[in-house]
Amino acid sequence: MDIRWIKTFIISAKYENFRKASEELFLTQPAITKHIKKLEEDLNIQLFERKGKTVTLTPAGYKFLPFAKEFVSKYEQGIDSFESWKQGYNRKLTIATAPQIASSFLPSLLRAFIDENPDIEVFINVIKSFEIGDEIRDGKADLGLSRILPLQANLKIETIHEEPVILVGANTYQDSSNVVESEALSNYRLITHNHPDYWDSLLNDVKRHYPTVRTMVVNQVEVTKRFIENGLGVSYLPYSMVKEEIIKNNLLEIKSEKVSTPTSTTYVLTKVETNEVRSFITFLREALKEN
């Protein structure tokens, strides 16, 4: 029995349509038909009832479907485990992280963690902060790094890091030490909503002091930074996200006058604390203290 026949059967059963199955599997319809016919011959029973171009599962097809799904799942898990073993891994850690974290302090810390734990295979899933709680709750990730508190119950939540949010602009001023908030917000658009947590309250505070400020919504931090560097605006961003650009003099920190800048918090989300999860949290906590 060929594993490809079983995969074809599962997708065909999902649609009860060989044409749709062929599109998802990137196979021709004759190939789909051949796979199903071979599987039926091997099982010595009909899995689909065919009426012209319409196909429906037979009672045998319905009975076989859960076994087929379990078989493919176990097969794929086994192959993944075997590939990890071939690469020298014997442990695994899946991390769901917000884009703002993945593009700031995580890469350098992750490199150091991997160097210290070469037997742990690390998987990174970059998703929106409000989706991370679901990933942990559903067991799709072992650990989550989020910029917002999750709504899901039964998760362990720990504040792992807090940092200042600063106003940054392009380093185009001759004397950047004298650049202040009022000048920046009068001369440039304020790029907003590139962080999932603090913008609603922060924008209200900004408009209270600078009611004529012009705004531009950009929902990606990396795009925001490029826009700022090209003179399209200024923005309030967590320090870790702009640290390298400030060091390289591509961006500059602008002095605050009236606006009360918030802090940005990083939360660690877990459901089951494995040894790998505990090792990473301990490492992360110590590394962020040093930074």
Side-chain angles (χ1 to χ4, degrees), residues 73 76-77 80-81 84 89-165 193-202 218-225 236-244 262-291:
S73 176
E76 291 177 344
Q77 288 175 18
D80 288 344
S81 178
S84 295
Y89 300 119
N90 55 44
R91 295 189 289 165
K92 184 176 75 170
L93 177 66
T94 302
I95 300 172
T97 180
Q100 300 89 353
I101 297 171
S103 63
S104 56
F105 62 79
L106 184 60
S108 60
L109 299 186
L110 191 60
R111 183 175 62 246
F113 176 77
I114 291 172
D115 288 343
E116 287 189 11
N117 300 272
D119 64 325
I120 298 180
E121 185 175 15
V122 180
F123 298 85
I124 302 295
N125 187 12
V126 181
I127 56 177
K128 295 178 180 178
S129 279
F130 64 82
E131 297 174 343
I132 293 175
D134 289 336
E135 290 285 295
I136 304 302
R137 181 198 61 194
D138 298 339
K140 296 178 181 178
D142 303 305
L143 179 147
L145 296 173
S146 175
R147 292 289 193 181
I148 59 173
L149 283 168
L151 299 176
Q152 295 79 4
N154 301 321
L155 296 182
K156 182 179 178 181
I157 305 164
E158 180 180 352
T159 297
I160 198 73
H161 184 57
E162 290 184 321
E163 61 180 312
V165 172
H193 292 89
N194 38 43
H195 190 283
D197 185 39
Y198 55 73
W199 267 110
D200 288 340
S201 58
L202 175 59
V218 177
N219 63 4
Q220 292 288 331
V221 170
E222 291 303 312
V223 176
T224 296
K225 291 193 290 187
Y236 290 92
L237 295 170
Y239 177 70
S240 66
M241 296 183 185
V242 293
K243 179 180 177 181
E244 290 188 11
T263 58
S264 176
T265 304
T266 299
Y267 302 97
V268 172
L269 283 54
T270 56
K271 187 175 182 181
V272 178
E273 282 205 5
T274 62
N275 290 333
E276 293 75 26
V277 166
R278 282 191 290 270
S279 295
F280 185 79
I281 291 175
T282 300
F283 175 88
L284 186 61
R285 187 182 294 110
E286 294 301 317
L288 289 174
K289 281 181 182 179
E290 295 175 3
N291 288 347

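By convention here, the first residue in the shown sequence is residue 1. Here the structure is a predicted model, which means the values were calculated and not measured.
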Original post:
Pairs in or reaching into residues 138-150: which pass salt bridge (charged side-chain N to carboxylate O under 4.0 Å, His left out), with residues at least two apart or in two chains?
Top reply: Arg147-Glu163
Subject >> Listed once per pair and sorted, the salt bridge (charged side-chain N to carboxylate O under 4.0 Å, His left out) pairs that draw on residues 265-275, sequence neighbours left out >> reply: Lys156-Glu273
With sequence neighbours left out, what residues match [X] under side-chain hydrogen bond (donor to acceptor under 3.5 Å, both in side chains)?
{"X": "Asp134", "result": "Arg137, Gln152"}
{"X": "Gln220", "result": "none"}
{"X": "Thr274", "result": "Glu276"}
{"X": "Ser103", "result": "Glu222"}

Subject >> Residues that Glu131 engages under salt bridge (charged side-chain N to carboxylate O under 4.0 Å, His left out), provided they are two or more places apart >> reply: none
Subject >> Glu244: partners by salt bridge (charged side-chain N to carboxylate O under 4.0 Å, His left out), with sequence neighbours left out >> reply: none
Subject >> Test log, rule side chain to side chain contact (heavy atoms under 4.5 Å, CB included), inputs Thr266 and Leu288 >> reply: CA-CA 11 Å; Thr266 299; Leu288 289 174; 5.9 Å; no
Please round to the nearest 0.5 Å and tell me the distance separating atom [atom1] of [X] and atom [atom2] of [Y].
{"X": "Leu202", "Y": "His193", "atom1": "CG", "atom2": "NE2", "value": "9.5 Å"}
{"X": "Ile160", "Y": "Ile101", "atom1": "CD1", "atom2": "CD1", "value": "10.5 Å"}
{"X": "Ile281", "Y": "Glu286", "atom1": "CD1", "atom2": "CD", "value": "12.5 Å"}
{"X": "Leu155", "Y": "Thr270", "atom1": "CG", "atom2": "OG1", "value": "7.5 Å"}
{"X": "Ser264", "Y": "Gln100", "atom1": "OG", "atom2": "CD", "value": "8.0 Å"}
{"X": "Thr94", "Y": "Glu121", "atom1": "OG1", "atom2": "CD", "value": "8.5 Å"}

Does the side chain of [Y] come within less than 4.5 Å of [X]'s, by heavy atoms?
{"X": "Pro150", "Y": "Ile157", "result": "yes"}
{"X": "Glu116", "Y": "Ser279", "result": "no"}
{"X": "Leu145", "Y": "Ile132", "result": "no"}
{"X": "Phe130", "Y": "Leu151", "result": "no"}
{"X": "Ile114", "Y": "Ile120", "result": "no"}
{"X": "Asn117", "Y": "Leu93", "result": "no"}
{"X": "Val165", "Y": "Leu237", "result": "no"}
{"X": "Val218", "Y": "Asn194", "result": "no"}

For the residue pair [X] and [Y], what are the closest heavy atoms and their distance?
{"X": "Ile148", "Y": "Ser129", "result": "CG1-CB, 3.6 Å"}
{"X": "Val126", "Y": "Pro99", "result": "CG1-CA, 3.7 Å"}
{"X": "Ala96", "Y": "Ile127", "result": "CB-CD1, 4.3 Å"}
{"X": "Val272", "Y": "Val277", "result": "O-CG2, 4.2 Å"}
{"X": "Ile136", "Y": "Gly144", "result": "CD1-N, 3.4 Å"}

Using the test ring pair (Phe, Tyr, Trp, His ring centres under 6.0 Å), find all partners of [X] that sit at least two apart in sequence or belong to another chain.
{"X": "Phe283", "value": "Phe113"}
{"X": "Tyr198", "value": "His195"}
{"X": "Tyr236", "value": "none"}

Original post:
Which residues satisfy the side-chain contact (heavy atoms from CB on, under 4.5 Å) test with Thr159, sequence neighbours excluded?
Top reply: Glu162, Thr265, Tyr267
